[in-house]
Amino acid sequence: MMSLFRGAVLGSIIAAASAGTPDNVSSRLEIHIPHSLFKEEGYDHREALFGVPPYGGSIAQNVYYADADLCDPNVDTRRGYPIRAKDSSGKMEPWASPYILMVDRGGCTFVQKVRNAQRSGAAGVIIADNTCLCSDQDCVSANGEDVCQTAEPIMADDGSGGDISIPAFLMFKKDADTVKAEVRSNHVVQMEMAWKLPSPDDRVEYDLWTVPSDSVSKEFQKNFKEVAVALGDRAYFTPHMYVYDGIKSHCQGADGKNMCFNLCTNNGRYCATDPDNDLEKGTSGADVVTESLRRICIWKHYGEADGIGVEWWDYVAEFMHRCDTPDFFANEDCIKDAYKHSNIDGGMVDRCMRDSGGLEKDVPNAFLDLEINSQTQRGVVVLPTAFVNTAAIRGSLSVASIFDAICAGFLDGTEPDICTKCVSCPDQIGCVRAKKCAHTSGGGGGVAPHTFFLTIFVICGMFGAAGFYHWKKTKDDMRDQVRGILAEYMPLEDNENDAGSPMDFARRGGSTSLIS
């Protein structure tokens, strides 16, 4: 009974959080060939919440239509449109790399489609929607459909998209049908998928939306402090805690009672999911809300002024190290220990939590209300989510992906030195620590001159030694062969006037001449 209740509660919480969420598209989809399909404002689309877009760059390639939903991992690259010439085997030539692949929506998850396209060699994927928007009456009437959708679906990760490295867009049905008709007529279509982060000035603002119980963002939060410090006042960070609106989720009943029990605080006003899926014991949703408010207050006092928040990063790392277990997540002594090791005044933080409205009574909390309003305006649906200059960063949350996005967000020519030195370094964290890339000379790219010449010298020495050894061995082998020939074929004569027999010559190693 409890599991059924929990499922209903979580379903209502998540549905309420997702309803009416605006789309935050930070990319552009354009068709350059044929020119008749070019739109100055680009094409409406939705970005996948997985994959790794090249922020600050673009992919412009010819489009192939797979004429399939691409749910089968065995992708036939010799089918689809436009029609190609046949090779010596009599089969149509495969899609010529690099290319953008258009596939039909439906049949399996977005992640599965894009993964199969990636394995086939695609540089990017366009998923053609198969249902009209209800607001697009031209599309509905043209297709004669009784079913329509009020909004385009969110291209969310199904939990297995960590291996996807190519970007993907969902193209609206009306536009996708036009592209499919063009390639079915064997005409070339060239699309461009572009990502341009807003670059308003010489300072970048970046945000992270997560919850204290989120496991995906832990590594990032452990390792990004040094990058935040290195960026200094050139980048302003704001951490956000995702909190569910309990009133909208009906966790607060009409009689004012908390219907969601220990998932919520403030008598059902502010809620979080249960991280260990056990309402009876362990960490509760209310514990997560409490820790969320604590981190908000720590940021207010230790990070809001400079946008770096060294103590905030330290506290989060200390909490994960000491308290991030069901037994200690809400343990006051463990939290005090984390305060101590991160140089935080626990009394000041506790006062902040109380002064904002607290968590016990049926009253609003000012800071948690701000978070709920902000997450609705930003359209945060998937956790964790990062934003750079208000643009949502797609793909996996890692130090490298966020550092690259931050450096791409500066106005051209205003990038800080740390970006110039480390953004292209294979070991970005190591570069940030050393303030230079260990794989290059001073972070400028290339190999140091003394390393280059030493390498050349060693290689030449090795080849010289090998050549000398080969020459010596060849000489010795030839001399042994000559001795053998002389010993076997030269006549042996008893001539006292001779210097000796050829056999004697061979035994002496050729030191005596055979010619008198």
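Every heavy atom of this structure was used, including side-chain atoms; hydrogens, water molecules and symmetry mates were not.
SG distance check for C139 and C132: under 2.5 Å. Between C425 and C431, a gap of 2.5 Å or greater is found separating the two SG atoms.
The cationic atom of R294 (NZ for Lys, CZ for Arg) does not lie both less than 6.0 Å from the six-membered ring centre of F319 and within 45° of the ring axis.
Shown here are the side chain to side chain contact (heavy atoms under 4.5 Å, CB included) partners of D207, two or more places apart in sequence or in another chain: T238, H240, R378, F387. Scored by the side chain to side chain contact (heavy atoms under 4.5 Å, CB included) test, A330 finds D287 as partners (sequence neighbours excluded).
Of all heavy-atom pairs spanning A230 and V432, the tightest one is CB-CG1, 3.6 Å. L170 and E152 get closest at one heavy-atom pair: CD2-OE1, 3.4 Å.
Ion pairing between a basic and an acidic side chain is recognised when a charged N comes within 4.0 Å of a carboxylate O; D69 and R105 show no such pairing. A salt bridge does not link R269 to D369: none of the charged side-chain nitrogens sits closer than 4.0 Å to a carboxylate oxygen. A salt bridge does not link R354 to D350: none of the charged side-chain nitrogens sits closer than 4.0 Å to a carboxylate oxygen. Here E30 does not pair with K39 in a salt bridge; the nearest charged N to carboxylate O distance is not below 4.0 Å.
For E415 and T420, the side-chain atoms include no donor-acceptor pair closer than 3.5 Å. Judged purely by distance below 3.5 Å, without hydrogens or angles, the side chains of Q118 and D163 never pair a donor atom with an acceptor atom. Y302 and N343 share no side-chain donor-acceptor pair at under 3.5 Å. Q149 and T131 form no side-chain donor-acceptor contact under 3.5 Å, judged by distance and modelled atom types alone. Counting only N and O atoms by type, the side chains of T109 and D158 include a donor and acceptor under 3.5 Å apart. With no hydrogens or angles considered, no side-chain donor-acceptor pair links S141 and Q137 at under 3.5 Å. Side-chain atoms of Q252 and D362 form a donor-acceptor pair, as typed in the model, at a separation below 3.5 Å.
No side-chain donor-acceptor contact under 3.5 Å links K174 to the backbone of V140. A donor-acceptor distance shorter than 3.5 angstrom exists from the side chain of R115 to the backbone of S160, with no hydrogens or angles considered.
Checked against the 6.0 Å centroid criterion, the rings of Y244 and Y270 do not qualify as a close aromatic pair. For Y315 and W299, the distance between ring centers is not under 6.0 angstrom.
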D324/K218 under side-chain contact (heavy atoms from CB on, under 4.5 Å): CA gap, chis, key distance, verdict: CA-CA 11 Å; D324 196 15; K218 287 180 180 178; 2.4 Å; yes
Test side-chain contact (heavy atoms from CB on, under 4.5 Å) applied to I31 and F38, step by step: CA-CA 5 Å; I31 297 177; F38 176 82; 5.9 Å; no
Residues S342, E318; criterion side chain to side chain donor-acceptor pair (under 3.5 Å); working and verdict: CA-CA 7 Å; S342 51; E318 290 293 338; over 6 Å; no
Pair V111-M155, side-chain contact (heavy atoms from CB on, under 4.5 Å): steps then yes or no: CA-CA 8 Å; V111 171; M155 294 182 67; over 6 Å; no
V63 vs Y99, side-chain contact (heavy atoms from CB on, under 4.5 Å): CA-CA, chis, key distance, verdict: CA-CA 6 Å; V63 176; Y99 57 87; over 6 Å; no
Residue pair C251, C264: steps toward the disulfide bond (SG atoms under 2.5 Å apart) verdict: CA-CA 8 Å; C251 281; C264 305; 3.8 Å; no
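Taking CG from D129 and CG from D44, the interatomic distance works out to 12.0 Å, rounded to the nearest 0.5 Å. Note that CG of N262 is 6.5 Å distant from CG of D274, once rounded to the nearest 0.5 Å. Atom-to-atom distance recorded for Y206:OH and F403:CZ is 10.5 Å, nearest 0.5 angstrom. Atom-to-atom distance recorded for S398:OG and I429:CD1 is 9.0 Å, nearest 0.5 angstrom. In this structure, CG in D233 is found 9.0 Å from CG in D306, a value given to the nearest 0.5 Å. Rounding to the nearest 0.5 Å gives a distance of 5.5 Å between CD1 of I100 and CE of M193.
At most 12 heavy atoms of other shown residues, nucleotides or ligands fall within 6.0 angstrom of atom CZ in F328. At most 12 non-hydrogen atoms from other residues, nucleotides or ligands lie less than 6.0 angstrom from NZ of K257. The neighbour count for E360 CD, taken as heavy atoms of other residues, nucleotides or ligands under 6.0 Å away, does not exceed 12.
Taking the six-membered ring where tryptophan is involved, the planes of F224 and W313 are tilted, since the angle between them lies from 30° to 60°.
For the ring pair (Phe, Tyr, Trp, His ring centres under 6.0 Å) criterion with F169, the lone passing option out of W195, Y43, F110 is W195. Across N365, L370, L368, a single residue satisfies side-chain contact (heavy atoms from CB on, under 4.5 Å) together with I296, and that is L368.
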